[in-house]
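Notes follow once the structure below has been shown.
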Amino acid sequence: MEEYQSIWDKVVGEMKLSISEQSFEMTLSTPKQAYKRENKVYVSVANEHERFMLDKFYFQDISKTLDEISGESLELKFVTPDYIEKQQQKYSLVEADPNIHNYYRGNLNATYTFERYVAGKSNRLAYMLALQVADRPAEVANPFYIFGGVGLGKTHLMQAVGNQMLDNNPNTKLLYCTSEKFVDDYRIATMKKNFDDFKKKYREVDVLLIDDIQFLAKKEQTQEEFFNTFNDLYNDNKQIIITSDRPASDLKDMMDRLTSRFEWGMQADIQTPDIQTRMDIMRRKLSGENISPSDFPEEVLEFIATKFHSNVRTLEGALKRLIFYATINNSEFTIELANDALRQLIKEEKHSSKIDVKNIIKETAAHYGISTLDIISKKRKKEIALARQVAMYLMRELTEASYPKIGDSFGGRDHSTAMHSCKKIEKQMKADMALETTVKTLKKLFI
């Protein structure tokens, strides 16, 4: 069993930036040991209460962060000392957890099902097509190309198709991965000069699900390999499902012959949900939390739905925060409580529309007396590099952008470059008061 402490510590650091100080102190502030066995990560927590809180409120966020930082698709389980002792007596901790399938199914998230997906005007076409693709692979839409903004449910819908396919036929050879994982696997195969395992993994499947295809931009050799993989699967009548943040025709720095293939099948967009759909999404979420509708007044649902409209992820995050807030305060759900619990999130949502990467780059460039083209260029002069790193840090702090999205916004840089830049500025600010003042001054322009 391999100790996985350094990766876990980075996960904790990321979570500290994304949840409230009070929540962090109650759940993640105490030291925890992390171990990895194959693709499973076990995290030892202090007691059953701590395990319950982490599982109920932060499991999905922590799991996603763990995958992003490790670059792997990992199964996560929080375990108590009692659990460890019993497992060591019964099986030993290194054995597969018999309950792990409750969280994951293969490399699909088992909670991403059609039953848990709320369909409305904003996503009805995509939803109806997904149902048909799940029941008739490679017949209805191949490839099936789903596009839309961040946090609108593209990954959920795509994995719902995969889970339904496995329900229909458990012997289906299905692979889900992000485009970044495809890039990493291809890079490793190139370094080792051994493509047999790579081709076996991606071409000997019945269904291939590729998330965020836009991150293949400017990676010509990898695009060529994906082109060949696509052709092999398509010619063998295997189902291909792709998600992206934009229509295939709008993909930048991508081979024309590749994007044209994405248009062979069917494209469906997912738009920002209307208020009724947002309320339905929250009702479904409450049902999953075993909270009765009678305990959660309609006016509170409407209050949250009117305040959070940018994407489903922020909406669900707000609801989860309110549930947590009511739990620790032993309070009923009221508009007053919601306003108190969500005050900071509401403020952030209100200002988020003013914040986009173009404005961040523009204001940062102006502060440092350079052009916006310099910031996204490959130039490495000290003052330009610093401005670029500050702008990346601001984008990470002020938006929901992931490291891959940040890298893509700054001239197609790798996600590791974006992560390094953000961490570097965060560290330097602690020792450099002038830099800290600069960052605070720039942040005030958007807050």
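Between Y202 and T229, the shortest heavy-atom contact is O-CG2, 3.8 Å. Looking at every heavy atom in both residues, P143 comes nearest to I242 through CB-CD1, 4.4 Å. Shortest non-hydrogen contact noted between G407 and A418 is N-CB, 3.9 Å. Taking each heavy atom of A318 and I304 in turn, the nearest pair found is CB-CG2, 4.3 Å. Looking at every heavy atom in both residues, A338 comes nearest to V300 through CB-CG1, 4.3 Å. Minimum interatomic distance between K154 and F147 (heavy atoms only, all atoms of both residues): CD-C, 3.7 Å.
Residue I375 holds its CD1 atom at 10.0 Å from CG of L386, rounded to the nearest 0.5 Å. Atoms NZ and CD1, from K285 and I291 in turn, are 10.5 Å apart once rounded to the nearest 0.5 Å. The line from CG of L76 to CG of D67 is 9.0 Å long, rounded to the nearest 0.5 Å. Between the CD atom in Q214 and the NZ atom in K252 there is a gap of 12.0 Å [rounded to 0.5 Å]. Rounding to the nearest 0.5 Å places CD of E139 at 10.5 Å from CD of Q132. Between the OG atom in S421 and the OH atom in Y393 there is a gap of 13.0 Å [rounded to 0.5 Å].
L398 has its side chain within reach of K443: a pair of non-hydrogen atoms, C-beta onward, lies under 4.5 Å apart. Side-chain contact between V41 and L66: present, with at least one pair of heavy atoms (C-beta onward) separated by less than 4.5 Å. Proximity of K219 to V183: side-chain heavy atoms (C-beta onward) are separated by under 4.5 Å at one or more points. Residues I323 and L286 have side chains in contact (heavy-atom distance under 4.5 Å, counting atoms from C-beta outward). Counting only heavy atoms from C-beta outward, the side chains of T441 and V439 never approach each other to under 4.5 Å. Here the side chains of T155 and K64 are not in contact, with every heavy-atom distance at 4.5 Å or above. Taking the side chain as every heavy atom from C-beta outward, I281 and E316 approach each other to under 4.5 Å. For the pair L74/K40, no side-chain contact is recorded, criterion being any heavy-atom separation below 4.5 Å from C-beta on.
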What verdict does the side-chain contact (heavy atoms from CB on, under 4.5 Å) test give for T417 and F410, after you've listed the backbone C-alpha separation in whole Å, the side-chain angles of each residue and the deciding distance to 0.1 Å? CA-CA 10 Å; T417 301; F410 285 80; over 6 Å; no

Worked check of side-chain contact (heavy atoms from CB on, under 4.5 Å) between T438 and Y368: CA-CA 10 Å; T438 293; Y368 282 96; 3.6 Å; yes

Check the pair Y403 / S416 against side-chain contact (heavy atoms from CB on, under 4.5 Å), numbers first and verdict last. CA-CA 7 Å; Y403 287 122; S416 60; over 6 Å; no

Evaluate the salt bridge (charged side-chain N to carboxylate O under 4.0 Å, His left out) criterion for residues D9 and K32: first the C-alpha distance (whole Å), next the side-chain angles of each, then the deciding distance (0.1 Å), finally the verdict. CA-CA 9 Å; D9 290 343; K32 296 171 177 56; over 6 Å; no

Walk me through it: do T111 and R116 pass the test side-chain contact (heavy atoms from CB on, under 4.5 Å)? CA-CA 7 Å; T111 68; R116 290 174 177 261; 4.1 Å; yes

Take S377 and D374 through the test side-chain hydrogen bond (donor to acceptor under 3.5 Å, both in side chains) and record every step on the way to the result. CA-CA 5 Å; S377 73; D374 283 335; 4.6 Å; no

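For NZ of K362, the number of neighbouring non-hydrogen atoms (other residues, nucleotides, ligands) closer than 6.0 Å is 12 at most. With a 6.0 Å radius and a threshold of 12 heavy atoms from other residues, nucleotides or ligands, K201 has its NZ atom above the threshold. More than 12 heavy atoms of other residues, nucleotides or ligands lie within 6.0 Å of CD in E436, so this atom counts as buried by the packing criterion. Heavy atoms of other residues, nucleotides or ligands lying less than 6.0 angstrom from CD of E302 number 12 at most.
In this structure, the side chain of S179 engages the main chain of D212 through a donor-acceptor pair within 3.5 Å. Proximity of a side-chain donor or acceptor of Q223 to a complementary backbone N or O of L216 within less than 3.5 Å is detected. Put simply, the side chain of T172 gets close to the backbone of N169: a donor and an acceptor are under 3.5 Å apart. Not one N or O on the side chain of S63 forms a donor-acceptor pair closer than 3.5 Å with the backbone of F59. Although no hydrogens or angles enter the test, the distance criterion places no donor-acceptor pair under 3.5 Å between the side chain of D245 and the main chain of V150. Side chain of K218 to backbone of G411: a donor-acceptor contact under 3.5 angstrom is found.
Ion pairing between E14 and R396 holds under the 4.0 Å rule for side-chain N and carboxylate O. A salt bridge does not link D206 with K173: every distance from a Lys NZ or Arg NE/NH1/NH2 to an Asp or Glu carboxylate oxygen is 4.0 Å or more. The pair R278-D274 fails the salt-bridge criterion, with no side-chain N (NZ, NE, NH1 or NH2) lying under 4.0 Å from an Asp/Glu carboxylate O. Under 4.0 Å is where a charged nitrogen must lie from a carboxylate oxygen, and between D185 and K181 at least one such pair does.
Using modelled atom types and a 3.5 Å distance limit, the side chains of N168 and Q164 yield a donor-acceptor pair. Counted by atom type alone, Q267 and D269 present zero donor-acceptor pairs between their side chains at under 3.5 Å. In this model, a donor atom of one side chain and an acceptor atom of the other lie less than 3.5 Å apart for Y325 and D340. Between the side chains of D280 and T277, no donor-acceptor pair of N or O atoms lies under 3.5 Å. For the 3.5 Å distance criterion, the side chains of N142 and Q239 qualify, holding a donor opposite an acceptor. With no hydrogens or angles considered, a side-chain donor-acceptor pair links Q60 and N109 at under 3.5 Å. Under the 3.5 Å distance criterion, with hydrogens and angles disregarded, no donor-acceptor pair is assigned to the side chains of Y42 and E75. Neither side chain, N163 nor T113, offers a donor N or O lying under 3.5 Å from an acceptor on the other. Side chains of T178 and D211: a donor-acceptor N/O pair is absent below 3.5 angstrom, by distance only.
Checked against a 6.0 Å centroid threshold, the rings of F57 and F324 count as neighbours.
Sorted by first and then second residue, the ring-ring contact (aromatic ring centres under 6.0 Å, His included) pairs with a member in residues 152-181 read Y112-H156, Y117-H156; sequence neighbours excluded.
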